[in-house]
Protein chains: 2
Amino acid sequence: MSLTDTSQHANCSAMSDVLNRIGDKWSVMVVGMLGRNGTLRFNELKRMINGVSQRMLTLTLRNLERDGLVNRVIYPEVPPRVEYSLTELGKTLQQPISALWDWSAENHTAIIDARTIYDARENAIAAQETRKIAYARG
Amino acid sequence: MSLTDTSQHANCSAMSDVLNRIGDKWSVMVVGMLGRNGTLRFNELKRMINGVSQRMLTLTLRNLERDGLVNRVIYPEVPPRVEYSLTELGKTLQQPISALWDWSAENHTAIIDARTIYDARENAIAAQETRKIAYARG
DNA sequence: CTGAATCCGGTGCGATACTG
DNA sequence: CAGTATCGCACCGGATTCAG
């Protein structure tokens with residue numbers, strides 16, 4: 001399979017595989033944060049990423065490390081200190097992530113609006129159906 | 001909140017919200033497919049996207065339609081025909097998605113390799129621990 | 001401070017069958 | 001062809017506790 005072959009139904013398996021990791025929202029967050037700030041400690045990340053639990057942050061970081069996207073450096077001090085940063089591979093991912101990030105920021109409100117309109121129409125249809133049923137019952 | 005403020009810990013809520021939709025791997029797949037092929041029918045999408053179940057494709061398409069990213073056109077024929085395509089908003093998303101797609105294709109093997117190395121090292125450490133325990137037991 | 005381990009409720013998602 | 005409905009379970013993810 002050519003590396004540049006992204007035409008047609010392309011490398012679905014590759015996409016699936018990669019998206020299972022980087023499509024996860026915490027992973028995107030972590031890469032985004034590390035990309036902006038360079039090097040961060042565990043609790044710095046936890047404070048920055050709103051709503052992430054300790055467990056999820058740990059798991060996310062492990063998986064990113066396993067995939068070669070994040071460096072994990074342990075300093076044998078007391079109290080312990082662990083610093084995370086992007087690997088070279090991770091840095092290349094930061095470009096696409098950043099694009100996605102910016103798109104989200106720009107189009108967030110548009111999506112909210114679309115949802116509102118869609119839901120309103122759905123409700124209108126539902127109400128109409130209810131009326132039909134009431135009519136059929138006489 | 002400024003729409004262009006993506007600095008620091010930025011719009012986490014917006015990111016969470018948007019990523020819950022477009023960070024989903026099936027959504028990425030669908031947008032990617034529709035972006036490349038323009039207009040597709042339900043079963044065309046299903047055939048192209050490897051591994052997606054009927055249920056998931058339906059839900060994904062509904063959500064994308066609700067978020068204003070995908071058009072859904074029903075032709076009152078028999079047998080029924082439903083065609084999906086990207087909205088203008090959806091087309092703007094295709095850029096970032098495409099970047100992610102290309103990155104996946106380029107770096108898929110690197111990730112696989114990283115995993116292999118990581119797992120090998122993990123196994124080595126686990127084996128070492130086992131030996132230590134056996135030694136401690138005398 | 002940085003984790004690992006355990007418990008456990010909610011639900012995402014696949015499989016299957018049915019409808020228009 | 002293009003869905004909807006239902007069931008069942010695996011797994012995600014939060015809360016809590018313990019460890020180095």
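Remember, it's a predicted structure, so these values are computed and weren't measured experimentally. Computed from heavy atoms alone, side chains included, the values below leave out hydrogens, waters and symmetry copies.
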For [X] and [N], give me the distance from atom [atom1] to atom [atom2], rounded to whole Å.
| X | N | atom1 | atom2 | result |
| --- | --- | --- | --- | --- |
| Arg81(B) | dG20(C) | CZ | P | 22 Å |
| Glu44(A) | dT2(C) | CD | C1' | 13 Å |
| Arg55(B) | dG3(D) | CZ | P | 15 Å |
| Ile74(B) | dA2(D) | CD1 | P | 11 Å |
| Asn63(B) | dC13(C) | CG | C1' | 14 Å |
| Tyr84(B) | dC1(D) | OH | P | 14 Å |
| Leu57(B) | dG12(C) | CG | C1' | 16 Å |
| Phe42(A) | dC1(C) | CZ | C1' | 10 Å |

Review point. Is a donor-acceptor contact shorter than 3.5 angstrom present between the side chain of Gln54(A) and the base of dG14(D)?
Key: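 No, no donor-acceptor pair under 3.5 Å.
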Exercise for review: Map Thr58(B) and Arg47(B) onto DNA chain D by nearest heavy atom, then report which one ends up closer to the 5' terminus.
Suggested key: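 That would be Arg47(B).
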Check your understanding: Between Met56(A) and Glu83(B), which has a closest nucleotide on DNA chain D that is more 5'?
Key ->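 Upstream on the strand: Glu83(B).
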Practice item. Just call it for Tyr75(A): base, sugar-phosphate, or nothing, with non-hydrogen atoms closer than 4.0 Å on any strand. Key: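 The residue Tyr75(A) makes no contact with any strand.
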Check your understanding: According to a strict under-4.0 Å criterion, is Arg41(B) in side-chain N/O contact with OP1 or OP2 of dC1(D)?
Key ->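 No, because none of the side-chain N or O atoms of Arg41(B) sits under 4.0 Å from OP1 or OP2 of dC1(D).
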Point to revise | Side-chain N or O of Arg62(A) closer than 4.0 Å to phosphate OP1/OP2 of dA4(C) | key: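 True: Arg62(A) side-chain N/O within range (under 4.0 Å) of dA4(C) OP1/OP2.
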Practice item. State the CG-CG distance between Leu57(A) and Leu45(A), to the nearest 0.5 angstrom. Key: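 So the gap between those two atoms works out to 5.5 Å.
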Exercise for review: Taking only Lys NZ, Arg NE, NH1 and NH2, and the carboxylate oxygens of Asp or Glu, determine whether Glu44(B) and Arg47(B) approach each other closer than 4.0 Å.
Suggested key: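 No.
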Exercise for review: Consider the side chain of Pro80(A), meaning its heavy atoms from C-beta on, and name the nucleotide among dG3(D), dG14(D), dC1(C) that approaches it most closely.
Suggested key: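 Per side-chain heavy atoms of Pro80(A), the pick is dC1(C).
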Point to revise | Nearest-nucleotide pick for Pro79(A), side chain only, options being dA4(C), dT6(D), dC1(C) | key: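 Minimum distance to the Pro79(A) side chain belongs to dC1(C).
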Check your understanding: Under the criterion side-chain contact (heavy atoms from CB on, under 4.5 Å), which of Leu64(B), Thr58(B), Asn63(B) is the partner of Thr60(B)?
Key ->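 Of the listed options, the one satisfying the test is Leu64(B).
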Review point. Is a side-chain N or O of Ser98(A) found less than 3.5 angstrom from the main chain of Gln95(A), in a donor-acceptor match?
Key: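 Such a contact is absent between Ser98(A) side chain and Gln95(A) backbone.
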Point to revise | Glu83(A): partners by side-chain hydrogen bond (donor to acceptor under 3.5 Å, both in side chains), with sequence neighbours left out | key: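 Listed in chain order: Tyr75(A), Arg81(A).
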